[in-house]
Number of protein chains: 2
Amino acid sequence: MGYRCLMAVDRDHVLRTAAALLTRKSTATMDEVARAAGISRATLHRQFAGRDALVRALEELGLAECEAALDAARPDEGPAADAVRRLVRAVEPAAALLAFLYTENQLFEGDQVNEGWNRLDARLTALFRRGQESGAFRLDLPPVWLTEALYGLLASGAWAVAEGRVARNDYTHLIVELLLGGALRREGS
Amino acid sequence: MGYRCLMAVDRDHVLRTAAALLTRKSTATMDEVARAAGISRATLHRQFAGRDALVRALEELGLAECEAALDAARPDEGPAADAVRRLVRAVEPAAALLAFLYTENQLFEGDQVNEGWNRLDARLTALFRRGQESGAFRLDLPPVWLTEALYGLLASGAWAVAEGRVARNDYTHLIVELLLGGALRREGS
DNA sequence: CCGCGATGAGACATCAACGTCTCACATGGG
DNA sequence: CCCATGTGAGACGTTGATGTCTCATCGCGG
């Protein structure tokens, strides 16, 4: 018996290929997704009941990667600003997928948003709140807004990189510096 | 003779209604768009050859509103930071439409992006560059990135408002303060 | 060598949106 | 009053993606 082990690795490969494709072309066909993954449409359909199931699986993948990045960033250790820096750096590989899911979720008109996003939002919001309470972050920008803005900047950055407007290596720096420091020069430096 | 004047006002009304609907549900049907505008699908088709034509028209509308907002903000007068503030305030009414077009354009895979966007990008980039050259903006964030980030924040803000996460009245303030000042408290204040 | 399971290729029906068409209506001007 | 124009309602064919199905093939273990 094969223990279905091959199916598992294939599934992950298909998922990541689909993520890479749908990130670039969010309206890609099931056939295109299958072709991109090097499998037939039939096999794709055997692993994911339909397009919805595929998107759901991508959602869980992106969510898991974000949570993993957040865990790796140790959001409760050290200055909040440094934690944000670590977080953005850690989440960079998943940024494109996150951008896809972020815009995709705009058309889930309130039906069922994966509960996982709420948990992730809560953790991010908590990080920003910690920054405020420690005196490092300003108080007139609500943690909820900072969370939302982080999503937006991650997506914008991913697209800017994809279109060649900014260098891939600058991605983390540009996002972190803008989110934390803003465009204005600081009086201190 | 009716001078076709009624068609003009109807066209504008349809366009704005479509903008409001597609902003919330980017996959809305032509039938839904027509119904939302209070007209029949046939009439909608008489005014816009197809869905593509409708999106193109929306693109021109959003572009025109952005250019108008930029004109009204007088981007060449006074401190660049104040100009950005005026710009965000002026572009707020068009923010939702801009958010729709911003994500919609992600799937124009390089074919034909309306030349108007390039002009708008150039004007925004020039504003940020002026801020750098005047010494007000930091130099390690390229104007191109600031432009891209502005789009992203405008979209994020529009969605956050639509979902009730932030108050509509705070929209301008939140975006401008984050874009210019960042999340960190400034040493000076 | 045989059989089992997974796969690829492709046919097939379904469905939703689209675009086009016709026809009836009603509204307003001549 | 009459007609021209714009409109609503709806039928119709087309298209593209989807989901399901069958069948031939291939690889691998027994």
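In what follows, every chain begins at residue 1, and chains take the letters A, B, ... in the order their sequences are listed. All values below come from the heavy atoms of this structure, side chains included, with hydrogens, waters and symmetry mates left out.
One atom, CZ of A:R46, and another, C1' of C:dA9, lie 10 Å apart when rounded to the nearest Å. Per the geometry, CZ belonging to A:R35 stands 12 Å off C1' belonging to C:dG10, to the nearest Å. Here C:dA6 presents its C1' atom at 10 Å from CD of A:Q47, a figure rounded to the nearest Å.
Sorted by first and then second residue, the pairs that involve residues 146-162 of chain A and meet salt bridge (charged side-chain N to carboxylate O under 4.0 Å, His left out), not counting sequence neighbours, are A:E148-B:R165. The ring pair (Phe, Tyr, Trp, His ring centres under 6.0 Å) analysis of residues 159-183 of chain A, with sequence neighbours excluded, yields the pairs A:W159-B:Y102.
In this structure the side chain of B:D31 never reaches within 4.5 angstrom of the side chain of B:L44, judged on heavy atoms. A:T125 is listed as a side-chain neighbour of A:R129, based on a closest heavy-atom distance under 4.5 Å.
Under the rule for a side chain to side chain contact (heavy atoms under 4.5 Å, CB included), the partners of A:S134 that lie at least two apart in sequence or sit in another chain are A:A136. Scanning for side chain to side chain contact (heavy atoms under 4.5 Å, CB included) contacts around A:T23 gives A:A96, A:F100, with sequence neighbours left out.
Helical stems involving DNA chain D, defined as 3 or more consecutive Watson-Crick or G-U pairs under 3.5 Å, span C:1-30 with D:1-30.
Contact annotation: A:T43 reaches the phosphate of C:dG8 (side-chain N/O to OP1 or OP2, under 4.0 Å).
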field: Per-nucleotide protein contact string for nucleotides 12-20 of chain C, where B marks a base within reach and S marks sugar-phosphate only (heavy atoms under 4.0 Å, - for neither)
entry: -----SBBB
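For the side chain to side chain contact (heavy atoms under 4.5 Å, CB included) test with A:L15, the passing option among A:L97, A:L54, A:D10 is A:L54; the others fail. Results of the side chain to side chain contact (heavy atoms under 4.5 Å, CB included) test with B:P142 over A:D170, A:V166, A:L174 single out A:L174 as the only residue that passes.
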